[in-house]
Amino acid sequence: MRPIATTRMAAGIPTGRLAIWWVVASEIVIFGGLLVSYIMHRLAKPEWGDHAANTNVWIGGFNTFVLLTSSLSAVLAHKAAVNGDGPKAAKLLYATCFGACTFVVVKALEWNMEISHGFTISSNTFWSFYYTAAGLHGLHVIAGAIIMLIIAETAKKNLELHRVELIGIYWHFVDIVWIFLFPLLYIAK
Amino acid sequence: MSEHAEHAEHEVNYVKIWAILLVLLVISILGPFVGIKVVTLITAFGIAIVKAYLVAKNFMHLNIEPRYAVYLLVTMLVFMLLLFSGSAPDIMKQEGRNWVKPEIHVEAQAPAHH
Amino acid sequence: MAESIPADAMHAHDDHHHTEQSIWSKYVFSTDHKMIAMQYMFTGMAMALIGGFMAYAFRMQLAFPGIDVPGYGTVTASDYNALVTNHGTIMIFWVAMPVLIAAFGNYLIPLMVGCDDMVFPRLNRLSYQIFLLSAIVLIASFFVPGGGFGGAWTAYPPLSAKSQYSLTALGSSFWLVAVALEFTAFLLGGINFVTTAMNARAPGMKIFDIPIVVWMIVVASILFMSSVGPLIAGAVMLFMDQNVGTAFFDPDKGGDPILWQHLFWFFGHPEVYVVLLPAMGITAEIMCVFARKKMFAYKTFLYTTFATGILSFTVWAHHQFVAGIDPRMANIFTVTTLLISIPIAEMCFIYIATLYGGSIRLTTPMLWALAFVAEFLIGGVTGIFLGASGADIYFHDTYFVLAHFHYTFFPIAIIGTFAGFTYWFPKMFGKMMNDTLGKIHFWGTIIPFNFIFIPLFVLGAAGQHRRIYNYEHFPELAGVEMQDMRVLATVSMLVMLVFQLVFFYNCFISWKKKQKDAGKNPWKANTLEWTTDSPPPHGNWPELPTVYRGPYEYSVPGREEDYFPQNVPD
Amino acid sequence: MIDQYVVALSTYANDIDNLILLIGVLVGFWLILCELVFFYFIIRFRAKDGRRAEYITGEEKSHKRWISYPHMLVLVCDVFIVFFAIKVWYDVKQQLPEPYETVRIVGQQWAWSFVHPGADHELGTADDIKTVDELHIEVGKVYHFKLESRDVLHSFSVPVFRLKQDAVPGRVITGWFEANGTGTHDIQCAEICGIGHALMPAQIFIESPERHAAWVAEQSPVTLASANQP
């Protein structure tokens with residue numbers, strides 16, 4: 001039995017979505033703290049541009065493309081869910097998960113390449129930030145993909161369709177974080 | 001449900017937004033090839049902000065959410081700006097009033113080649 | 001087949017069919033907000049006993065250097081550092097936060113806004129389980145090779161980052177992981193509190209009909225969620241520094257130790273208000289009930305709360321005046337710090353104004369609430385010395401700081417908790433507490449409390465620094481009259497600890513039916529939690545209430561009774 | 001107020017003491033006023049049979065005055081405190097008077113080492129005098145110090161000077177002091193720095209010009225000391 005509390009909507013936003021906004025808000029400050037630390041170091045140290053030159057823009061760009069596309073499938077899944085088409089929403093969520101997996105695999109290959117070139121997490125503070133920020137973001141990608149699979153399972157049966165939108169909002173947030181990580185880590189040289 | 005009706009009214013063409021995002025992505029990758037620093041900064045960060053705005057507005061549907069959701073997220077960004085402006089005078093500078101960070105020579109482990 | 005189903009699955013099963021609950025699903029894996037509140041409450045109290053025991057051990061060492069402390073043994077220098085570090089960490093993160101925010105928040109928010117549970121019951125249970133895990137990790141940190149972390153609760157690197165400096169390689173990491181887990185638990189809890197209070201209010205409960213304590217817990221949760229991020233990021237960075245070989249805070253390799261201080265105090269200062277606000281809410285609630293008064297200027301009180309919350313994000317570097325930050329920044333932070341005294345002063349004025357014209361009954365909860373105001377005032381005004389940059393040069397890291405924040409945190413975490421606990425005890429357990437024993441416990445706590453910390457103000461003014469386990473090496477501090485002060489503080493603390501036994505005895509006998517049944521509304525209060533049975537059943541009300549007015553309509557003219565419950569139609 | 005416990009031996013010690021006294025008077029006034037009114041209300045408005053509490057919302061302007069005027073007064077007090085706090089802070093931490101000599105102070109686990117400039121008043125020359133846990137200075141002269149740390153955070157605290165400054169690894173922080181009385185006093189570490197934090201005492205020897213010159217001569221390497229003789 002679901003508590004009556006969950007059905008109320010005094011603030012004008014359904015409870016699940018309201019909570020997701022708070023999740024996003026607290027995630028903003030987590031990534032914010034890390035990125036503010038990075039930006040302060042980056043602005044102080046022009047030589048980090050040379051370190052950043054060793055990152056591969058094309059791989060980063062490809063990953064941005066993957067995430068943007070998976071965002072599109074997430075929002076299309078939401079649209080399908082709004083129209084009450086659970087199986088279609090589930091299929092689009094699987095597509096989003098596929099995007100997440102591609103992202104992670106490409107990331108792993110990229111790191112593997114960089115580490116084999118001698119750029120490890122303890123090389124210097126730029127690389128520390130590089131691996132920490134991308135790693136923290138990568139954990140969010142993996143967590144989002146797992147939750148998405150669970151939601152897709154229920155959505156397939158046309159149950160709990162509102163959750164499709166919730167994971168979508170979270171996913172778009174992860175996307176936005178990457179949109180900023182990409183220029184910060186790859187382009188600014 | 002009224003919520004669904006609302007979405008229908010604000011129906012946006014998601015594929016079109018996605019296409020715009022991809023064009024912006026290409027511009028931000030190509031920006032550094034111009035070789036001018038200002039252009040790079042604009043194509044990198046200006047476009048990142050535009051992209052984030054497009055995603056937040058159209059994919060996260062912040063445009064049809066009650067205003068306070070936007071205010072909430074913007075407040076968090078303002079707090080981060082506060083954190084930056086409060087700590088930048090210490091972290092970002094090599095010297096300040098009555099203190100200095102002596103030069104430290106940190107070498108990256110020499111990369112083999114690239 | 002049935003016996004192989006884990007307790008968790010059983011519980012989900014029970015939820016659907018309302019069958020008799022097993023002891024596991026009722027007490028351990030419950031999703032009922034009241035049970036989770038009790039779990040937080042008793043875990044917090046257990047941690048308070050551990051934290052109190054630590055205080056006992058290191059205060060004995062300070063008063064009688066080198067003795068064999070009964071029940072502990074000799075306190076070595078590394079023991080001493082680990083004890084003060086973990087005393088601070090436990091009392092803030094594992095006592096004040098779980099009890100004031102999580103326990104009272106979980107218990108009161110659904111009852112006070114008139115709904116049957118939190119909006120995310122299973123998230124709530126997960127939050128407690130992570131919290132419990134964090135407590136276990138913290139306690140485990142004492143038993144790993146090298147012993148507990150001893151770098152102060154602020155964990156400034158490089159001491160906390162490098163094991164060759166701290167000599168507690170595992171202890172530091174365990175401590176950090178415990179703190180990070182605790183933050184995760186409270187992020188989950190905070191989302192739940194805020195969402196519940198925003199969305200699940202009873203029909204008719206408008207935004208200014210919400211009881212102050214609910215407002216305060218919500219604002220505190222919001223402050224927590226919006227300030228803790230940088231510290232979580234910092235904790236990740238520090239953990240990598242400890243274990244992976246990065247150098248975020250290591251100046252030898254291009255990092256900066258001051259960065260951690262900024263990340264820490266950007267959270268650390270709002271954290272003070274995170275625990276202060278719920279205690280202020282509890283106090284306001286109790287004072288209105290026992291003065292039979294409407295809250296003076298309810299809206300102004302709320303606006304000052306918001307002002308405090310926002311200002312609290314602009315003051316953090318006053319903890320770092322002499323820590324090597326740029327001296328020009330100190331001027332800005334002095335101004336913002338002193339500005340924050342204005343909303344806090346206004347809140348205290350509102351408390352005092354609320355008493356005016358009242359009909360005050362000095363029951364045990366009311367005594368605690370009044371003591372909160374009286375003692376917190378002292379803690380508040382002594383903060384001005386430390387916020388004024390010029391004076392802080394001398395007072396920084398002395399016992400004056402320590403006495404100052406104990407005069408704020410003790411009223412918050414101990415007095416506020418006892419006030420809330422004694423006030424809502426009839427609701428939680430359905431029995432009245434013994435008032436005489438309650439008053440003995442009250443005076444036995446308050447009087448020694450002042451005798452612990454007033455001597456420490458004097459020691460601080462005399463320049464005694466914190467976290468030094470033995471003063472014999474500092475001739476100017478090892479004088480006889482200084483030592484007398486330390487002995488006085490220690491003896492007072494022993495007296496206070498002994499009087500806590502009265503409290504546990506009182507709880508025990510009151511709970512064991514020796515006291516009379518409380519009934520639904522023993523204090524004749526207005527708020528919604530008093531309109532249901534004591535203790536409230538699962539689901540809180542047979543039929544959820546509707547709200548018609550604000551929470552503090554006491555002594556309304558032209559009404560026979562002097563209270564006017566929120567759910568009674570006009 | 002403070003010099004009752006710790007003597008004031010630097011030129012700015014009295015400024016800091018006076019600032020503390022000023023704050024003490026202002027906040028003491030508010031504390032006592034609030035507590036008096038508070039306890040008066042508790043006694044005056046105790047519950048009595050037949051008397052009902054008044055119904056005051058506090059929302060009318062005439063009522064709100066009772067809290068808004070006091071908080072304006074608090075603001076005025078704050079302005080005073082801010083003004084004098086920043087003034088003292090500026091003198092002690094922000095501006096640096098011309099130095100007579102500069103000393104180097106290095107904190108490490110768990111000792112302070114001091115580098116005195118020696119007879120030529122210049123740091124970094126061959127006649128520098130290095131000491132551990134002993135700082136020798138001359139009374140009535142402006143000293144700069146360059147504060148460093150080798151490992152973790154330390155804090156250079158001289159209670160008789162009312163001076164405190166953290167030593168941060170990776171930074172050199174400059175400060176100043178000028179003693180105005182002789183004596184031997186404690187230097188403490190005020191920032192937790194590991195197991196030996198309590199075992200990090202040093203002493204400051206504030207000496208008259210003659211004694212200080214004698215100390216410098218005694219400590220200086222023999223050749224240099226004789227070279228400096230006219």
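Remember, it's a predicted structure, so these values are computed and weren't measured experimentally.
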(request) Please flag which part of A74(A) lies under 4.5 Å from any non-hydrogen atom of chain B: side chain, backbone, both or neither. (result) neither

(message) Could you report the tightest heavy-atom contact between A100(A) and W171(A), atom names first, then the distance?
(response) CB-CH2, 3.5 Å

(request) Select, from G32(A), A25(A), G12(A), the one with the greatest count of heavy-atom pairs under 4.5 Å involving chain B. (result) A25(A)

(message) Below 4.5 Å, heavy-atom pairs only: which of N56(A), V57(A), L184(A), V177(A) has the largest tally toward chain B?
(response) L184(A)

(request) Examine F173(A) together with H140(A) and report whether their ring centres are nearer than 6.0 Å. (result) no

(request) Kindly assign one of parallel, tilted or perpendicular to the pair W127(A) and Y130(A), based on the angle between their ring planes and the thresholds 30° and 60°. (result) perpendicular

(message) For a quick test of reading the model, state the closest non-hydrogen atom pair linking N58(B) to Y14(B) and the distance between them.
(response) O-CE2, 3.6 Å

(request) Start with the C-alpha distance between K101(B) and E95(B), add both sets of side-chain angles, then the distance that settles salt bridge (Lys or Arg N to Asp or Glu O under 4.0 Å), and finish with yes or no. (result) CA-CA 6 Å; K101(B) 288 181 194 166; E95(B) 58 181 337; over 6 Å; no

(request) Go through the atoms of T75(B) and report whether side chain, backbone, both or neither lie under 4.5 Å from a heavy atom of chain A. (result) neither

(request) Can you see which heavy atom on G31(B) is nearest to which on T43(B), and at what distance? (result) CA-OG1, 3.4 Å

(request) Please state whether the side chain, the backbone, both or neither of Y170(A) comes within less than 4.5 Å of a heavy atom of chain B. (result) neither

(request) Specify which of L77(B), L81(B), L62(B) makes the most heavy-atom pairs with chain A at under 4.5 Å. (result) L62(B)

(message) For chain B, which candidate among V29(A), I13(A), I28(A), I39(A) shows the most heavy-atom pairs at distances under 4.5 Å?
(response) I13(A)

(request) Using the six-membered ring wherever Trp is involved, compare the ring planes of W48(A) and H41(A) and label them parallel, tilted or perpendicular (cut-offs 30° and 60°). (result) parallel

(request) Over all heavy atoms of both residues, which pair between M92(B) and A44(A) is shortest? Give the atoms and the distance, please. (result) O-CB, 2.8 Å

(message) If we count only N and O atoms by modelled type, under 3.5 Å, do the side chains of N124(A) and H51(A) hold a donor and an acceptor together?
(response) yes

(request) Considering only heavy atoms and a distance below 4.5 Å, find which of L18(A), T69(A), V24(A) pairs most often with chain B. (result) T69(A)

(request) Flag the one option from V15(B), L21(B), L72(B), I47(B) with the top tally of heavy-atom pairs under 4.5 Å to chain A. (result) L72(B)

(request) Under 4.5 Å heavy-atom distance to chain A, tell me which part of L73(B) shows up: side chain, backbone, both or neither. (result) both

(request) Measure distances from L35(A) to the heavy atoms of chain B and classify the residue's part below 4.5 Å as side chain, backbone, both or neither. (result) neither

(request) Using a cut-off of under 4.5 Å on heavy-atom pairs, state which of I29(B), T40(B), L41(B) scores highest against chain A. (result) I29(B)

(message) Less than 4.5 Å to any heavy atom of chain B: does that hold for the side chain of S37(A), its backbone, both, or neither?
(response) neither

(message) What part of W58(A) gets within 4.5 angstrom of chain B, counting heavy atoms only: side chain, backbone, both, or neither?
(response) side chain

(message) Please classify the contact of A69(B) with chain A as side chain, backbone, both or neither, using a heavy-atom distance under 4.5 Å.
(response) side chain

(message) Please give me the minimum heavy-atom distance between L161(A) and G86(A), naming the atom from each residue.
(response) CD2-CA, 3.8 Å

(request) Check each atom of I49(B) against the heavy atoms of chain A and say whether the ones under 4.5 Å are side chain, backbone, both or neither. (result) both

